[in-house]
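Report on the structure given below.
The chains referred to below are lettered A, B, ... by the order of the sequence lines, with proteins before strands, and numbering in each begins at 1. Computed over heavy atoms, backbone and side chain alike; hydrogens, waters and symmetry mates excluded.
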Amino acid sequence: MPELPEVETVRAGLAARVVGRTVADVDVLHPRAVRRQAGGAAELVARVRGRTVTAAVRRGKYLWLTLGTDAAAPPDEALLAHLGMSGQLLVQEPDEARDGGVGAPDGSAVAAFLAPPGERPVDLTATQPPTLVRTIPATTAHLRVRLRFADGGQLWFVDQRTFGHLMAATTVPTDDGAPGGYGSDAPVLPGPVAHIARDLLDPALDRTALVRRTRARVTEVKRALLDQGLVSGVGNIYADEALWRSRLHGTRRTDRLPVAGLRTLFDDAAAVMREALAVGGTSFDALYVDVEGAAGYFARSLAVYGRAGMPCPRCSAPVRREQFMNRSSYSCPRCQRRPPV
DNA sequence: CATATCCCCTGCGGGC
DNA sequence: TGCCCGCAGGGGATAT
């Protein structure tokens with residue numbers, strides 16, 4: 001379940017290992033991975049093949065590789081990626097890559113292209129690049145898209161639950177003239193993510209405006225935190241952690257929260273994500289744990305998420321779990337009083 | 001227009 | 001033993 005810190009770790013890995021490489025070909029092994037692409041797999045392949053990656057950029061949980069021709073001009077085209085909840089981008093260096101052949105665009109031949117045992121991809125989702133190379137036995141079974149670079153290296157999009165996707169997209173200018181995301185100075189971003197707000201670690205984020213827009217909404221504060229059109233990058237885990245730090249229950253109304261309280265909440269959300277990023281960007285998905293062979297580092301730093309019944313680190317009251325928006329929310333019943341209905 | 005709900009998908013753990 | 005259910009999750013599409 002990659003949120004901002006995990007996606008940023010992937011972005012940094014792509015910046016280190018993929019930028020400068022030219023895409024020789026693309027194999028789409030599962031059509032669902034490119035479902036947002038008008039024209040489907042053929043369109044994506046046609047638009048990416050032959051292009052050189054000029055930057056790896058991220059806004060919130062979205063990331064994209066800009067595809068250049070002229071180094072001076074802002075990139076007009078990008079390969080956009082969202083990892084969904086189980087997506088991974090894995091780099092294979094030439095001596096590690098094993099060519100399984102050309103995939104069928106309709107995905108019918110997926111089984112024929114499974115990675116042979118012993119394959120050694122670099123797991124960018126699990127490491128601060130370019131430090132470690134480790135075998136990933138389970139994840140290679142869900143290879144959805146493979147980019148083959150001209151130098152023999154490959155970039156794999158692996159996604160067990162297929163909530164993630166890739167697409168080629170034309171860029172549009174940002175509405176404020178600031179860079180479109182972290183990782184590039186170009187004031188552009190892919191059109192399909194133009195509605196995604198700047199995230200809490202974006203230097204161009206206008207915090208005052210964010211607080212104002214939040215208070216103008218009539219909704220619950222956790223819904224607001226999770227609304228990527230208001231502020232991006234925050235998912236269920238970091239939302240719960242930020243609310244705990246701010247001593248706010250997720251059902252508090254945004255229009256009734258004081259300005260200072262909201263400012264603190266966003267500061268807390270940014271802080272918790274920075275701390276997670278500092279230890280390598282931890283995911284809490286079972287796949288990740290399997291890959292690492294151990295629980296992620298940041299899991300040890302969680303105050304409430306996934307800790308129902310365990311003591312609140314602040315007051316020792318047992319953490320409560322509630323159903324919210326068809327998913328679980330964790331909070332301290334003593335530190336985070338539920339607002340009156 | 002703003003806000004809320006539904007649903008896409010796979011693997012796993014728990015209950016019966 | 002094995003099946004069924006709930007759960008995990010982001011966000012686009014659809015509904016209110």
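- Between the A:Q88 side chain and the A:S86 main chain, no donor and acceptor come within less than 3.5 Å of each other.
- Partners of A:R253 according to the salt bridge (charged side-chain N to carboxylate O under 4.0 Å, His left out) rule, which considers only residues two or more places apart in sequence or in another chain, are A:D255.
- When the P atom of C:dA8 is taken as reference, atom CD of A:E6 falls 17 Å away, rounded to whole Å.
- Listed in residue order, the members of residues 216-225 of chain A having a heavy atom less than 4.0 Å from DNA chain B are A:R217, A:V218, A:T219, A:R223.
- For A:L226 and B:dA2, the CG to C1' distance is 17 Å, given to the nearest whole Å.
- Here the P atom of nucleotide B:dA2 and the CG atom of A:L230 are 12 Å apart, to the nearest Å.
- Each end of the helix from B:dA2-C:dT16 to B:dC16-C:dG2 gets its own axis from five base pairs, and the two axes differ in direction by 50°, given to 10 degrees.
- Considering only residues two or more places apart in sequence or on other chains, A:Y62 meets the ring pair (Phe, Tyr, Trp, His ring centres under 6.0 Å) condition with A:H82.
- Each of A:T52, A:L155, A:V23, A:L80 was evaluated against A:L65; a single residue qualifies, A:L155, per the side chain to side chain contact (heavy atoms under 4.5 Å, CB included) test.
- Residue A:G164 is classed as having no contact, given no heavy-atom separation below 4.0 Å to the nucleic acid.
- Remark: A:D176 engages A:R198 in a salt bridge (charged side-chain N to carboxylate O under 4.0 Å, His left out) (not counting sequence neighbours).
- Contact check on A:D151 versus A:R21 returns a salt bridge, with a Lys/Arg side-chain nitrogen under 4.0 Å from an Asp/Glu carboxylate oxygen.
- Screening residues 76-86 of chain A for salt bridge (Lys or Arg N to Asp or Glu O under 4.0 Å), with sequence neighbours left out, gives A:R47-A:E77, A:R51-A:D76.
- For residues 265-274 of chain A, the pairs satisfying salt bridge (Lys or Arg N to Asp or Glu O under 4.0 Å) are A:R207-A:D267, with sequence neighbours left out.
- For A:F157, the side-chain contact (heavy atoms from CB on, under 4.5 Å) test picks out A:A33, A:L83, A:L89, A:R144, A:V145, A:D159, A:L166, with sequence neighbours left out.
- Of the possible donor and acceptor atoms, none in the side chain of A:R327 sits under 3.5 Å from a partner among the backbone N and O of A:N236.
- Rounded to whole angstrom, the span from the CG atom of A:D227 across to the C1' atom of C:dG10 amounts to 12 Å.
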Atom pairs, N/O to N/O, protein against nucleotides 7-10 of chain B, distance under 3.5 Å?
none

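- For A:T66 and A:T54, the side-chain atoms include at least one donor-acceptor pair closer than 3.5 Å.
- For the OP1/OP2 pair of C:dG11 and a distance below 4.0 Å, the side-chain nitrogens and oxygens of A:H82 include at least one atom meeting the criterion.
- Taking A:Y330 as the reference, A:Y305 meet the ring pair (Phe, Tyr, Trp, His ring centres under 6.0 Å) condition, with sequence neighbours excluded.
- Every residue meeting the side-chain contact (heavy atoms from CB on, under 4.5 Å) condition with A:E322, not counting sequence neighbours, appears here in chain and number order: A:H249, A:R320, A:S331, A:R338.
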What are the atom names and distances for every N/O pair under 3.5 Å that joins the protein to nucleotides 12-16 of chain C?
from	atom 1	to	atom 2	distance (Å)
C:dG12	OP1	A:Y62	OH	2.5
C:dG12	OP2	A:H195	NE2	2.9

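- Between A:L83 atom CG and C:dG11 atom P there is a gap of 10 Å when expressed in whole angstrom units.
- As a whole-Å value, the separation of A:L166 CG from C:dG11 C1' is 16 Å.
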